[in-house]
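Read the structure below first, then the notes.
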2 protein chains.
Amino acid sequence: MKPIKVGLLGIGTVGSGTFNVLKRNQEEITRRAGRSIQITMVADLNTERARELTNGECEVVNDANLVVNHPDIDIVIELIGGYGIARDLVMKAIANGKHVVTANKALLATHGNEIFKAAQEKGVMVAFEAAVAGGIPIIKALREGLTANRIQWLAGIINGTTNFILSEMRDKGLDFDVVLKEAQRLGYAEADPTFDIEGVDAAHKATIMSAIAFGIPVQFDKAHVEGITKLQATDIRYAEQLGYRIKLLGIAKRTPQGIELRVHPTLIPAKRLIANVEGAMNAVLVHGDAVGATLYYGKGAGSEPTASAVIADLVDITRLATADPEHRVPHLAFQPDSMNDTPILPMSEVTTSYYLRMQVADQPGVLADITRILADSTISIDAMLQKEPEEGEPRADIIILTHQTQEKNVVAAIAKIEALSTVVGQVTKIRLEQLS
Amino acid sequence: MKPIKVGLLGIGTVGSGTFNVLKRNQEEITRRAGRSIQITMVADLNTERARELTNGECEVVNDANLVVNHPDIDIVIELIGGYGIARDLVMKAIANGKHVVTANKALLATHGNEIFKAAQEKGVMVAFEAAVAGGIPIIKALREGLTANRIQWLAGIINGTTNFILSEMRDKGLDFDVVLKEAQRLGYAEADPTFDIEGVDAAHKATIMSAIAFGIPVQFDKAHVEGITKLQATDIRYAEQLGYRIKLLGIAKRTPQGIELRVHPTLIPAKRLIANVEGAMNAVLVHGDAVGATLYYGKGAGSEPTASAVIADLVDITRLATADPEHRVPHLAFQPDSMNDTPILPMSEVTTSYYLRMQVADQPGVLADITRILADSTISIDAMLQKEPEEGEPRADIIILTHQTQEKNVVAAIAKIEALSTVVGQVTKIRLEQLS
C-alpha cells in the first residue's frame with residue numbers, strides 16, 4: 001500500500017523525537033499500521049538545524065504554508081505551539097482536507113470547538129493524544145477505553161514541572177523559590193515558567209479531559225486556575241503530619257448542579273497510589289460508575305515520550321482513514337450532535353474539603369471563637385492540629401481539616417476568622433480531596 | 001441509525017453486569033457510539049434466572065446456537081468460559097459473519113491463533129479487552145496507545161485473587177493456607193482456586209499481552225507458570241527487611257535471544273508504584289523504548305469493571321464496523337502477515353535476579369563454601385542478610401540477593417549448595433526484578 005505522507009511543522013524537542021522514533025521503529029510501526037508512515041516535509045524557521053536533524057531525508061522549508069498546502073501531504077503534525085500561527089495553520093490544513101496531529105493543549109483548550117467543528121465538516125481527524133500527559137494514552141483511555149461508563153470525576157497530576165517542584169519541596173523541606181531555581185537549572189522548568197507554576201498548562205489539559213469525560217465543549221475560560229507559587233514548605237510539612245501529600249491537581253467532576261473544572265494545590269491522602277507519583281512523572285485517576293477507579297501513569301513530557309503519543313495518533317489516523325467519518329471515534333468522545341450544555345460551576349459553588357492554617361495568639365478562648373464561626377457556617381471539622389508555640393513565641397499554629405462544604409461557605413468563614421483580634425494575618429486555605 | 005443488536009451467551013456475574021451497565025448508561029453510550037447498542041437475545045442454561053435478570057426485555061433461550069445463528073444479531077458476547085463449548089460457539093459466530101466480544105482468556109491464550117485467523121478471513125472482529133485485567137483498558141493501551149514503541153517488557157499484577165492473598169499474608173504475617181481460606185470466605189477466591197493460585201490465569205493473560213506487545217502468536221504452552229502456593233510468610237518478611245515486596249507477576253520481555261514469558265512470585269523494590277498495588281487490584285507496567293515506563297491500574301475483575309471492558313469493545317466494534325477490514329486495528333496489534341516467529345525461551349535460559357534463602361549450621365566456613373559455589377557459577381551477590389540463630393537454635397538463616405544471571409546457573413549452584421553437609425534442607429529460590 002502507498003505510504004502515508006506526513007508534514008511536520010516545527011522540529012524542536014518533540015518534533016525531533018517524532019522524527020527519530022518514527023525512523024528507528026519504522027519496521028515495527030509499519031507492521032502495526034499496515035502502511036509505511038513517512039515524514040516527507042518539515043517546516044521550521046531554522047532550516048539549517050532542521051536539515052541537520054533530518055539528515056537530508058526529507059524536504060525542509062521555512063514556510064509552514066508550503067506544507068499545509070502541499071497536495072501530497074496526508075497528515076500535518078503541528079508542533080509550533082501557541083494560539084496564533086498554529087491556529088491558522090491547523091485551520092488551513094483542515095480546509096485542505098488534511099488530517100492533523102497536534103500536541104498543542106493551549107490551542108485546543110481555547111479554540112478546540114472551532115477546530116473540531118471544521119474538521120468534522122471536512123471529514124478529517126484532529127488527533128491530540130500528545131496534548132495531555134505526554135506519552136500516557138489517557139485521551140484514548142477516556143475516549144475509547146471507558147465508553148461504558150458514566151465518568152464521575154477525574155483528577156490528574158498533569159504538569160511535570162510543578163510535580164517535580166512539589167516533590168523537591170517535600171523531600172528537602174525547601175521553599176518554592178529555591179526549588180524553582182533548581183528546577184530551572186536542571187531543565188525541569190522553563191526560563192519563563194509562568195504557564196506551569198501558575199497552573200495554566202494543567203488547566204489547559206484538564207479542560208480538554210473534561211470535554212471528553214462529560215461530552216461538553218472545551219471551556220478553558222470557565223476553569224478555576226490556581227498555581228503553586230504561594231505554597232509554603234510549612235504547609236507541606238503539616239500536611240505530611242496529618243497523613244497527606246500536596247499535589248497540583250487538575251480536577252473535573254460531575255455534580256448534580258454542574259461540572260467542576262479546577263486546578264489548584266490539593267491535599268490528598270498519602271496512602272493513595274497517585275500521592276506517590278513523584279518528580280516529573282504524570283498520572284491521571286479516572287472514576288467511572290462501572291469500572292470504579294483506574295489510574296494511568298507515565299512520563300508527561302519530554303522528546304520521545306511525547307513523540308510516542310504523536311506517532312500513536314499517526315497510526316490511528318492511518319488505520320481509521322478509510323472508516324466512514326461518522327463511524328470514527330468522535331474528537332471529544334461524544335458525537336458532535338450529542339454534546340451537553342451542562343454548565344461549569346463557578347469556584348464559589350464547588351464542594352470540597354479544606355486544610356486551613358492560622359496563626360493565633362496563645363490565649364484562652366481563641367479556639368472556641370474559631371470553631372464557633374465554623375459551626376455557624378455549617379462547616380464541620382474532620383481533624384485538628386494545634387502546635388505548641390516555641391519557647392517565648394506568643395503565637396501558635398492551628399491547622400483544621402474540614403469535611404466537605406461549599407467554597408463560598410469557607411471563604412465567608414475565613415473572613416470572619418481573620419477579623420478576630422486573636423488571629424494574626426491571613427488564613428491559609430488549601431483544598432483537600434479524598435479521591436476515594 | 002439502526003441499533004446494533006447484540007446476543008449474550010451466559011448471563012452470570014459479568015453477563016448481568018454487562019446487561020445492567022448497558023441499560024443504565026444507555027443514553028451516554030449511544031451519544032458516544034452514534035448508535036444504540038441493544039442486547040436483544042440472551043442464552044443461558046438457567047432461563048428462569050436469565051428472564052428475571054433481563055426483566056423480559058429481551059429474548060431468552062437456553063440454546064446458544066440459536067443466538068450465534070440468528071440473522072438479526074450483529075455482535076455475539078461470549079461469557080461462557082472454558083475451551084470447549086465456548087470455542088465452538090465463537091467459531092460458529094465468526095463463520096456466520098458476526099463480530100465477537102469475549103472475556104475468555106483461557107480460550108484466547110490456547111486457541112487464539114485459530115480464532116483470529118478465522119475472524120480475519122471472514123472480515124469480522126474478535127474483541128477481548130475484558131480478557132486481561134478486567135476494566136483496565138490495557139489491551140487498547142498496548143495495541144493502540146503505544147504503537148510508536150518497540151515494547152521492551154511488561155510486568156503485571158493480573159490476578160486479583162493472588163494479589164489479595166499476598167497482601168493479606170504480608171499485612172497479617174499469616175501463612176498461605178490460612179489466608180486462602182479467608183479469601184474464599186470473602187469471595188476473593190473461588191471454591192476451586194487452582195487456576196488462580198497456581199498462576200494459570202495470570203499466564204493466560206500474560207500470554208495474550210506478549211502476543212500483542214511483540215507481534216508473536218499466542219503460545220500458552222511455552223509460558224513458565226508458577227503460583228504462590230509454596231510461598232512462606234518467612235520470605236515475605238525477609239523480603240520486606242531487604243526493601244522488597246513479593247507479588248505474583250506475569251512478565252513478558254524481549255531479549256536478544258528470544259522472548260521471556262513467565263508467571264511466578266517476584267520480589268520487586270517496595271518503592272516502585274506497582275509494589276504498592278494492594279488487595280484485589282490489578283496493574284500492568286509497560287516499558288516502551290520511546291515512552292519509557294507507563295502503568296495502568298484498576299479493578300481486574302468483578303461484575304461491572306469487567307462489563308466496562310466488554311461494553312468498550314461493543315462501542316469499538318460499532319464504530320469500526322464500517323472500516324475497511326484491512327484498516328481496523330489488528331487483533332494482535334500487528335498485521336496478520338507481519339507476525340514474528342521469535343522463539344519463547346525455556347525458563348532455564350531466562351535471565352533475572354534471585355532471592356535465595358537457606359538454613360545453615362551455625363559453624364565456621366559455611367558462608368565461605370556458599371559464596372565460593374556462587375562465585376564459581378559466576379553469580380555475583382547484590383545483598384546478603386544473615387539472621388543470628390535464636391538462643392539455643394543450632395541453625396541460622398542466610399538470605400542472598402543475586403545480580404542478574406541465567407536460571408540454569410542458579411539451578412546448578414543451588415544443587416551444589418544443597419549438597420553441602422552444613423546446609424539443611426532445600427534452598428528457597430524466588431526471582432527478583434528491579435522493574436527499572
Side-chain angles (χ1 to χ4, degrees), chain A residues 17 21-22 24-25 28-34 129 134-137 140-141 144-150 215 273 276-277 283 288-299 304-305 307-312 314-316 318-324 326-330 333-335 338, chain B residues 17 21-22 24-25 28-34 129 134-137 140-141 144-150 215 273 276-277 283 288-299 304-305 307-312 314-316 318-324 326-330 333-335 338:
Chain A
V21 173
L22 204 48
R24 186 175 73 228
N25 292 345
E28 286 216 16
I29 293 168
T30 307
R31 285 170 54 211
R32 288 190 175 107
E129 184 62 80
I136 308 172
K140 187 169 276 288
E144 304 171 39
L146 302 177
T147 42
N149 292 268
R150 198 168 155 83
L273 215 52
N276 295 288
V277 171
D289 68 339
V291 75
T294 56
L295 180 87
Y296 309 84
Y297 164 90
K299 286 185 185 151
E304 293 207 353
S308 172
V310 168
I311 296 170
L314 293 177
V315 174
D316 264 4
T318 302
R319 284 170 172 165
L320 284 174
T322 57
D324 161 9
E326 275 169 44
H327 279 77
R328 290 176 191 151
V329 181
F334 291 77
Q335 301 293 328
S338 297
Chain B
V21 172
L22 205 48
R24 184 174 76 227
N25 293 345
E28 286 217 16
I29 293 168
T30 306
R31 285 172 53 212
R32 289 190 174 108
E129 185 63 80
I136 308 172
K140 187 169 276 288
E144 303 172 38
L146 302 177
T147 43
N149 293 269
R150 197 168 154 84
L273 214 53
N276 295 288
V277 171
D289 67 340
V291 76
T294 57
L295 180 88
Y296 308 84
Y297 165 89
K299 285 186 184 152
E304 294 207 353
S308 172
V310 168
I311 296 170
L314 292 177
V315 174
D316 263 5
T318 302
R319 285 171 172 165
L320 284 173
T322 58
D324 161 9
E326 275 169 42
H327 279 78
R328 291 176 190 151
V329 181
F334 291 77
Q335 301 293 330
S338 297

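It should be emphasised that the depicted structure is a prediction, and the values quoted were computed from it without experimental measurement.
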B:A33 portion near chain A, given a 4.5 angstrom heavy-atom threshold: backbone

Side-chain touch B:R32/A:P330, heavy atoms, less than 4.5 angstrom: no

CD1 on B:I29 to CG on A:N149, rounded to 0.5 Å: 8.0 Å

Which atoms of B:E144 approach chain A - backbone, side chain, both or neither, heavy atom under 4.5 Å: both

Side chain, backbone, both or neither of B:V310 within contact of chain A (heavy atoms, under 4.5 Å): neither

Heavy-atom closest contact (A:A309 atom, A:G135 atom, distance): CB-CA, 4.5 Å

Exam field: side chain B:E304 to backbone B:V21, donor-acceptor pair closer than 3.5 Å: no

Max heavy-atom pair count under 4.5 Å with chain A, selected residue of B:I136, B:L314, B:I311, B:V291: B:V291

A:E28 versus chain B, the contacting section by heavy-atom distance below 4.5 Å: both

Minimum heavy-atom distance between A:P137 and B:G145, given as atom pair plus value: CB-CA, 3.8 Å

Results of side-chain hydrogen bond (donor to acceptor under 3.5 Å, both in side chains) for A:D289 - residues two or more places apart only: B:R24, B:N25

Top contributor to chain B contacts, counting heavy-atom pairs under 4.5 Å, from A:R150, A:R328, A:Q335, A:R31: A:R31

With A:Y297 via side-chain hydrogen bond (donor to acceptor under 3.5 Å, both in side chains) - residues at least two apart: none

Pick from A:T147, A:T318, A:T294 with the largest number of heavy-atom pairs that fall under 4.5 Å of chain B: A:T147

A:E129 (side chain) donor-acceptor with A:K140 (main chain) under 3.5 angstrom: yes

Contacting moiety of B:L320, where chain A heavy atoms sit under 4.5 Å: both

Proximity breakdown for B:D316 and chain A, heavy-atom pairs closer than 4.5 Å: side chain

Option that, when pairs with chain A are counted at under 4.5 Å, heavy atom only, ranks first among B:N276, B:V315, B:L273: B:L273

Interface residue of largest heavy-atom contact number with chain A, from B:A290, B:G298, B:A312, B:P305, under 4.5 Å: B:A290

